[in-house]
Amino acid sequence: MNFSPSEAYFDGALADAQSEEWGRLPDTGQSVVVEHTSANPTGPVHVGRARNPILGDALARVLDYAGHDVTREYYVNDAGRQMAVFTWAYETFDERDLPEPEREKPDYELVRYYRKGNEFLEEGDPEAVEEAEEEIAAIIEGLDAGDEETYERVETVVDQVLGGMRETLGRLPAEFDEFVKETRFLRDGSTHDVVDDLRDSEHAFREEGAWQLDLEAWDIEQSFVFLRSDDTTLYTTRDLAHHEWKFEAFDYAITVLGEDQELHANKLNAALDILGNDTDRLEEVFYAWVNLPGGESMSTRQGTGVDMDDLLDEAVARAEEAVRSRLDDRIRGDDLTDEDVERIARQVGIGAVRYDIVSKQPTKAITFDWEDALDFEGQSAPYVQYAHARACGIAAEADGLKPELDAGLLDTPEERDLLKAIARFPGVVEEAAAEREPHQVATFAREFVDVFNAFYRSRHVLGEDVDDDVAAARLALVTAARRTLANALDVLGIEAPESM
RNA sequence: GGGCACGUAGCUCAGUUCGGACAGAGCGUUCGGCUUCUAACCGAAAUGCCGGGGGUUCGAAUCCCCUCGUGCCCGCCA
């Protein structure tokens with residue numbers, strides 16, 4: 001069977017793609033909360049977890065383009081043992097006994113206490129360690145009981161560290177609509193309500209003083225402890241209350257998690273089911289680790305790994321070098337100021353890092369490699385950004401020419417291929433959103449550029465040998481291509497420079 | 001031991017849901033292209049038992065079973 005699209009299809013795509021809204025789908029009326037990153041506020045964001053904010057942010061963006069009402073949530077784990085250890089360490093150790101911070105930034109400054117505290121607990125004098133453990137336990141109990149003073153002590157640490165982390169994440173950029181603190185569900189009593197409800201369920205039992213759930217019916221062999229024998233709650237218990245809040249506030253909830261969280265997620269789902277929730281409204285997107293070349297994993301506690309700030313700085317520095325080295329043989333006469341160079345370097349450098357991560361299937365493990373992450377040629381953000389800048393260049397040189405929306409004048413194979421590629425974009429957004437796979441948009445963007453470059457090479461817009469009406473139609477085509485590129489990059493959270 | 005994921009050119013990866021044309025890109029290698037809207041680009045060449053074995057099918061990278069390798073998980077941690 002053979003069929004081909006009608007002229008109306010090409011005319012429609014050409015017209016629709018002139019809009020800044022190109023690729024956006026009609027409102028679904030559905031609210032979706034995308035929880036991502038949610039890294040414990042223990043120290044600087046490192047590259048080992050870089051996939052979470054980049055994937056999560058891109059996922060939120062593609063769902064937004066697909067017409068959902070998206071809320072981006074960072075769940076702040078401020079109630080666990082880690083934060084109790086951190087708070088104790090912060091109050092106990094003297095700054096004079098700590099090494100110099102790697103950066104003048106609160107997350108780098110405070111993580112020194114956290115590392116020192118952990119080191120002490122591992123290697124310190126047993127009696128002193130026991131004493132410390134008592135203090136730590138007191139903090140956990142204070143939080144669990146909703147004690148205001150304890151809450152404030154912990155908050156002092158959490159808010160400072162989180163502030164530093166937010167700054168780093170903002171560079172990607174990964175920004176959030178809500179920072180939801182775990183302690184909120186202790187202070188409002190909802191965690192303890194969950195405990196009461198679970199205790200009444202037919203799956204609950206008590207063993208060695210701890211309350212737990214038998215999840216055999218969900219094919220989970222390990223039981224789910226929801227109340228310790230000392231009657232304090234666990235992270236997972238609080239997460240149940242957290243998710244009941246999500247069910248209350250949103251139609252749909254998606255969580256971006258590392259693959260190590262899968263069992264936890266399954267247990268959480270089963271317990272939410274027991275509590276009578278519609279767990280079809282909850283979904284997880286898992287990603288595999290970013291590891292270091294030697295197979296070493298990145299750890300905040302141990303201080304191994306590459307800090308995200310260092311990666312981004314290096315990316316921007318290399319991009320600036322690339323921009324400057326090209327300044328001399330630029331043909332286009334738009335003199336770039338130092339400010340322009342810096343802006344472009346930032347857009348290109350950070351875009352390259354983002355694209356490197358967002359373009360791959362999240363379930364595949366990545367070994368971090370400086371050269372690969374900072375490659376500005378081939379299948380990369382700069383490749384797509386460059387095509388966008390070229391398209392902008394044509395528009396900038398086209399003074400006086402008015403675009404003409406007439407696909408009938410665009411009948412060469414290169415023009416037809418480009419029209420078809422433009423027309424595909426909304427469908428790609430729809431598919432990527434439905435599958436929760438932002439990397440499909442990255443693949444589309446790269447393929448789109450191949451088609452655009454074929455057109456760019458063979459069909460000039462501005463030239464003495466091009467008829468005026470054809471030039472006008474081609475200008476409209478270039479505008480549509482430019483819009484497609486800009487919005488595809490926008491879905492991925494990558495900026496589209498108008499000049500490079 | 002059990003569960004989940006991954007294995008496609010020297011390297012990094014698309015394609016696997018929903019089976020269909022000689023399996024596609026980029027990097028690297030070899031050759032070629034800036035008096036023409038930006039060469040961070042483009043063209044050409046070489047490179048593959050799609051981890052292995054079996055099965056289903058007219059047809060399998062794709063579905064099923066087995067197997068090998070790698071990562072992650074199997075806490076009254078988060």
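Convention: sequence-line order gives letters A, B, ...; per-chain numbering from 1.
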Tell me if a side-chain donor or acceptor on A/Glu182 pairs with a main-chain N or O of A/Asp239 at a distance below 3.5 Å. no

Between P on B/A78 and CG on A/Asp239, what's the gap in Å once rounded to a whole number? 11 Å

Between A/Gln440 and A/Arg81, which has a closest nucleotide on RNA chain B that is more 5'? A/Gln440

So does A/Ala480 get a backbone contact from the side chain of A/Thr484, meaning a donor-acceptor N/O pair under 3.5 Å? yes

List, one per line, each side-chain donor-acceptor pair under 3.5 Å for residues 41-51 of chain A, sequence neighbours excluded.
residue, atom, partner, partner atom, Å
A/Thr42, OG1, A/Asn40, O, 3.4
A/His46, ND1, A/Gly48, N, 3.0
A/Arg51, NH1, A/Ala288, O, 2.9
A/Arg51, NH1, A/Pro362, O, 3.0
A/Arg51, NH1, A/Lys364, O, 2.6
A/Arg51, NH2, A/Gln361, O, 3.3
A/Arg51, NH2, A/Lys364, O, 2.9

Out of B/C37, B/C41, B/C76, which has the shortest distance to the side chain of A/Tyr383? B/C41

Which whole number of Å gives the distance between the P atom of B/U57 and that of B/G71? 38 Å

Taking for each residue the nucleotide of RNA chain B with the nearest heavy atom, is it A/Ser223 or A/Thr363 whose nucleotide lies nearer the 5' end? A/Thr363

Measuring only the P atom in each nucleotide, how far is B/A23 from B/C27? A whole number of Å is fine. 22 Å

With a 4.0 Å cut-off on heavy atoms, is A/Ala288 in touch with a base, just the backbone sugar-phosphate, or nothing at all? nothing

Provide, to the nearest angstrom, the distance between the CD atom belonging to A/Glu447 and the P atom belonging to B/C13. 18 Å

Watson-Crick or G-U counterpart of B/G43, or none if no pair lies under 3.5 Å: B/C31

Reckon A/Asn77 has a side-chain N or O less than 4.0 Å from the OP1 or OP2 of B/A78? no

Counting side-chain heavy atoms from C-beta on, which of B/C73, B/A14, B/A40 comes nearest to A/Asp260? B/C73

Whole-Å distance between B/A14 P and A/Glu437 CD? 10 Å

Are A/Trp211 and A/Val225 close enough that some pair of their side-chain heavy atoms sits under 4.5 Å apart? no

Side chain of A/Tyr386 (C-beta onward), nearest among B/C37, B/C41, B/C73: B/C41

Write down the distance between CZ (A/Phe452) and C1' (B/U38), rounded to a whole number of angstrom. 11 Å

Is the backbone N or O of A/His203 less than 3.5 Å from a side-chain atom of A/Ser201, with the two atoms forming a donor-acceptor pair by type? yes

If you measure only the distance, is there a donor-acceptor pair under 3.5 Å linking the side chains of A/His243 and A/Lys246? yes

Euclidean distance for C1', B/U30 against B/U47 (whole angstrom): 12 Å

In terms of base orientation, is B/C34 syn or anti, with the syn window spanning 90° either side of 0? syn

Counting only side-chain heavy atoms from C-beta out, which of B/C76, B/U38, B/A40 sits nearest to A/Ile344? B/A40

Aromatic ring pairing A/Trp245/A/His242, orientation class (parallel under 30°, perpendicular over 60°, tilted between): parallel

Over how many whole Å does the gap from A/Glu262 atom CD to B/G75 atom P extend? 16 Å

Touch check for A/Arg459, heavy atoms < 4.0 angstrom, all strands: base, sugar-phosphate only, or nothing? base

With a 4.0 Å cut-off on heavy atoms, is A/Val478 in touch with a base, just the backbone sugar-phosphate, or nothing at all? nothing

Euclidean distance for C1', B/G28 against B/G15 (whole angstrom): 23 Å

Whole-Å P distance, B/C13 and B/G51: 15 Å

Base-pairing assignment for B/A61 (Watson-Crick or G-U wobble, both under 3.5 Å): none

Counting side-chain heavy atoms from C-beta on, which of B/C37, B/C74, B/A78 comes nearest to A/His460? B/C37

Against the side chain of A/Ala322, the closest entry in B/A78, B/A40, B/C42 is B/A40

Pairs: protein N or O with nucleotides 7-12 of chain B N or O, under 3.5 Å:
residue, atom, partner, partner atom, Å
B/G7, OP1, A/Lys364, NZ, 2.7

Using atom P of each nucleotide, how far apart are B/C49 and B/A9 to the nearest Å? 7 Å

Is there a side-chain contact between A/Gln222 and the phosphate of B/G75, meaning an N or O under 4.0 Å from OP1 or OP2? yes

A/His388 NE2 to B/A40 C1': how many Å, rounded? 15 Å

OP1, OP2 of B/C13 versus side-chain N and O of A/Arg446: anything below 4.0 Å? no

Test item: side-chain donor near acceptor, A/Thr232 and A/Asp144, under 3.5 Å: no

For the side chain of A/Arg474 and the backbone of A/Leu410, is there at least one donor-acceptor N/O pair under 3.5 Å apart? no

Give me the distance, rounded to whole Å, that separates B/U56 from B/C63 when you measure between the C1' atoms they each carry. 8 Å

Check every strand shown and say whether A/Ser229 touches a base, only sugar-phosphate, or nothing at a heavy-atom separation below 4.0 Å. base

Does B/A23 have a Watson-Crick or wobble partner in any strand here, with both distances under 3.5 angstrom, and which is it? none

When the P atoms of B/G10 and B/A5 are considered, how many whole Å apart are they? 28 Å

Specify the closest pair of heavy atoms between A/Ala476 and A/Leu405, including all atoms of both residues, with the distance to one decimal. CB-CD2, 4.0 Å

Expressed as a whole number of angstroms, how long is the span from A/Asn52:CG to B/C72:P? 17 Å

With respect to the side chain of A/Glu259, which nucleotide from B/G43, B/G71, B/U38 is positioned closest? B/G71

Find the partner of B/G7: check Watson-Crick (N1-N3 plus N6-O4 or O6-N4) and G-U wobble (N1-O2, O6-N3) distances, both under 3.5 Å, and reply none if neither fits. B/C68

Within the structure shown, what part of the strands sits under 4.0 Å from A/Glu321 by heavy-atom distance: base, sugar-phosphate, or nothing? nothing

Quick one: A/Arg390 CZ to B/U38 P, roughly how many Å, whole number? 9 Å

Using only atom types and a distance under 3.5 Å, with no angle test, would you say the side chain of A/Arg238 pairs donor to acceptor with the backbone of A/Phe185? no

Base, sugar-phosphate alone, or nothing: which one does A/Gln261 contact when heavy atoms must sit under 4.0 Å apart? base

